[in-house]
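First the structure, in the form of structure tokens, and then the observations on it.
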2 protein chains.
Amino acid sequence: MARKVTVRDVAAAAGVSTATASRALTNSPSVNPEMARRVLKASSDLGYSANVFARALRTQRTDTIGMVVPSINNDYFTAAVEAVEKELADSGRSLILCDARESVETEAQRIELLVQRMVDGLIVVPVTAFDSVPAIEQAVQQGPVVLLDRWADAAGADYVGGDNADGLRQCVVHLREQGCSSIVYVGAQPRTSTAYERHKAFRELMEPDGGADGPGVHGSALLGEFSFEWGVEATRQLLAGDVLPHGIVCGADIIAVGVLSTLREAGVVVPDQVKVVSYDDSFLGRLTMPRLSSVRQPIDAMAAEAVRLLDDRSGRTDAPVRKSIFMPSLVVRESTGR
Amino acid sequence: MARKVTVRDVAAAAGVSTATASRALTNSPSVNPEMARRVLKASSDLGYSANVFARALRTQRTDTIGMVVPSINNDYFTAAVEAVEKELADSGRSLILCDARESVETEAQRIELLVQRMVDGLIVVPVTAFDSVPAIEQAVQQGPVVLLDRWADAAGADYVGGDNADGLRQCVVHLREQGCSSIVYVGAQPRTSTAYERHKAFRELMEPDGGADGPGVHGSALLGEFSFEWGVEATRQLLAGDVLPHGIVCGADIIAVGVLSTLREAGVVVPDQVKVVSYDDSFLGRLTMPRLSSVRQPIDAMAAEAVRLLDDRSGRTDAPVRKSIFMPSLVVRESTGR
DNA sequence: CTGAAAGCGCTAACAG
DNA sequence: CTGTTAGCGCTTTCAG
């Protein structure tokens with residue numbers, strides 16, 4: 001898959017040197033407008049387009065950024081991808097997308113691959129908060145890296161994320177306003193920063209004095225995976241108990257879908273008997289019956305910010321490390337009463 | 001994001017010429033085993049990895065293939081992506097993935113982008129059967145192209161897809177076996193080959209003698225989009241009619257989810273009153289209540305075949321154009337009773 | 001089997 | 001403002 005026309009051809013057709021042709025083609029400031037016009041004409045006549053590899057080899061830039069997400073089968077991540085892609089397209093750049101398949105090993109390989117391809121920067125949604133660190137830190141040595149949505153303790157990487165504590169607070173406040181006096185959290189093991197922060201926020205909200213940590217004092221939490229199956233399993237555990245809680249806060253929509261489906265199977269009516277609220281505001285949550293109340297993060301703005309941080313850092317390598325936190329908002333739908 | 005170590009460094013460290021180093025690194029047949037060993041050692045000591053761009057510039061190959069899908073927010077397509085990606089990883093190659101955002105214009109841009117990046121081949125799931133053709137034909141000029149799942153009338157492109165007529169036949173046969181004597185098809189306008197073929201198959205199945213085409217003879221069909229909203233809308237139209245059909249065949253799971261949700265809202269019990277079957281066997285269909293009976297295509301095998309066709313063609317440019325059709329199978333779940 | 005040297009296509013010095 | 005020239009890092013003739 002190759003392009004035949006080269007700068008030399010364009011230069012010849014325009015009757016100038018390759019240097020002038022190149023300058024005209026890259027909108028270099030100092031070039032006679034008339035020459036420039038001729039070159040551009042020749043270029044489009046011949047259907048010229050610069051060889052990406054020759055240019056990259058020379059300039060050490062690729063006008064491409066790389067992105068690695070934990071799973072491409074996840075609404076929330078693909079929304080982030082689309083937002084980043086749009087942002088880049090607006091500045092004439094493109095994206096190489098990689099899927100880590102929820103595996104730290106694959107993630108490391110993909111990061112390595114993108115670094116080899118000399119992407120101008122890397123946006124990573126890390127698979128885990130800890131095991132993903134080595135690969136990320138290695139990438140940081142080579143160029144700017146921004147962590148998106150999930151944080152990892154990798155030195156030198158900027159971060160753009162949502163305020164999980166606030167999002168969870170909104171869930172709990174909303175449920176209480178709806179009259180829920182007992183609330184259970186169904187989330188994921190704290191292997192990602194988001195799972196950790198949401199769970200922590202829930203615990204803290206359940207012990208308002210911030211004091212005693214004795215059993216029964218804080219609201220109970222069930223921790224598993226970010227998956228439909230875990231939502232099902234956790235709900236079965238709740239159903240097996242003496243009484244159901246008035247409200248359930250889920251760590252992600254995919255879990256909530258499992259919860260809703262299992263509650264319905266058991267004949268429990270949502271939101272009348274139990275109210276369910278969740279996190280992500282994904283496509284999925286709008287397909288359920290009842291539709292899910294869910295915390296929405298401003299993913300487009302977050303994506304734009306991630307690209308901006310990348311650009312800042314490729315300017316000055318020594319820029320201080322930054323965290324940029326966005327406030328989420330709860331979108332209320334039928335699953336919490338209306 | 002650059003690598004510092006070059007072949008020259010490796011050659012120096014191993015005490016050989018760059019030519020020998022290069023040969024050893026690329027497993028060239030004619031190179032003294034002892035030299036080779038020294039080079040490989042030096043290479044790993046220095047943490048060498050070849051500059052992708054210099055190599056591509058020289059060899060005109062990138063060990064990368066490009067893939068363009070209509071939407072990254074679609075289970076079925078992301079399953080195809082994962083399958084292709086796995087297949088490539090097995091042969092040490094990688095994938096650049098692009099999202100056409102359901103737009104023919106974006107699709108054309110992305111195809112152009114990938115061609116410029118000199119991918120060794122292109123796998124495209126076209127946005128439409130007709131408007132996508134020019135961009136694809138242009139790509140065919142530059143290198144091997146395989147259409148996956150959806151066909152488009154682009155000269156020179158190979159095709160790997162499922163047998164939609166057979167899949168639809170399985171749906172209809174199954175519904176009839178379940179006692180449905182009236183069946184409606186809810187699908188998409190024939191802008192993609194899959195929508196076209198499924199609708200056509202349905203029509204032909206409803207007129208068993210293949211003869212008269214008068215109104216009322218063939219089963220009725222509602223055509224809209226591949227979307228949740230269209231499933232909702234079509235179902236409202238059905239509910240507004242005198243009687244509901246015994247069975248509904250949907251053109252895709254996403255439509256079926258809209259259908260199921262609207263039927264439930266109206267108090268119609270699936271599968272007791274109406275049976276619903278669909279196409280794609282996506283993740284989505286396993287989350288509904290009742291779970292969807294759906295036609296499953298062997299996407300992994302199809303992906304592997306797509307890569308194989310690509311490789312065949314990059315061997316001999318004049319290879320005859322091929323279509324490779326895979327048989328689907330219906331996965332029966334609760335939405336058609338059991 | 002190995003080395004010297006050419007050059008993939010491009011842009012950036014450096015002269016003019 | 002324009003042209004000449006060097007070279008990014010790699011592979012591959014072409015000689016030896």
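The chains referred to below are lettered A, B, ... by the order of the sequence lines, with proteins before strands, and numbering in each begins at 1.
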From the list [options], which nucleotide is the closest neighbour of the side chain of [X]?
X	options	value
A/L57	D/dG9, D/dT11, C/dT11	D/dG9
A/T59	C/dC8, D/dC8, C/dT11	C/dT11
B/R8	D/dT12, D/dG9, C/dG9	D/dG9
A/R58	C/dT11, C/dG9, D/dT11	C/dT11

Expected output: side-chain B/S28 to main-chain B/A24 donor-acceptor under 3.5 Å: no
Side chain to side chain contact (heavy atoms under 4.5 Å, CB included) assessment of B/K323 paired with B/W151: CA-CA 9 Å; B/K323 295 193 186 193; B/W151 185 75; 3.5 Å; yes
Side-chain N or O of A/T6 closer than 4.0 Å to phosphate OP1/OP2 of C/dG9: no
Taking [atom1] from [X] and [atom2] from [N], how many angstroms apart are they, rounded to a whole number?
X	N	atom1	atom2	value
A/L25	C/dA12	CG	P	13 Å
B/R55	C/dG9	CZ	P	18 Å
B/N27	D/dT11	CG	P	11 Å
A/Q60	D/dC10	CD	C1'	13 Å
A/D63	C/dT11	CG	P	11 Å
B/F53	D/dC10	CZ	P	13 Å
A/N51	D/dC10	CG	P	17 Å

Candidate pair A/L25 and A/Y48, rule side chain to side chain contact (heavy atoms under 4.5 Å, CB included), full reasoning: CA-CA 10 Å; A/L25 261 359; A/Y48 170 78; 3.9 Å; yes
Parallel, tilted or perpendicular, as decided by the 30° and 60° cut-offs, for the rings of B/F53 and A/F53: tilted
Distance-only side-chain donor-acceptor flag, B/T62 / B/R55, under 3.5 Å: no
Can you give me the N/O atom pairs linking the protein to nucleotides 2-4 of chain D at distances under 3.5 Å, or say none if there are none?
| residue | atom | partner | partner atom | Å |
| --- | --- | --- | --- | --- |
| D/dT2 | OP2 | A/N32 | N | 2.6 |
| D/dG3 | OP2 | A/S17 | N | 3.1 |
| D/dG3 | OP2 | A/S17 | OG | 3.3 |
| D/dG3 | OP2 | A/T20 | OG1 | 2.7 |
| D/dG3 | N7 | A/R23 | NH2 | 2.7 |
| D/dG3 | O6 | A/R23 | NH1 | 3.3 |
| D/dG3 | O6 | A/R23 | NH2 | 3.3 |

Sugar-phosphate only, base, or nothing, as touched by A/T26 at under 4.0 Å among non-hydrogen atoms: sugar-phosphate
Non-hydrogen side-chain atoms of A/R308 and A/E87 separated by less than 4.5 Å: no
Contact check, side chains of A/V145 and A/D158, non-hydrogen atoms, under 4.5 Å: no
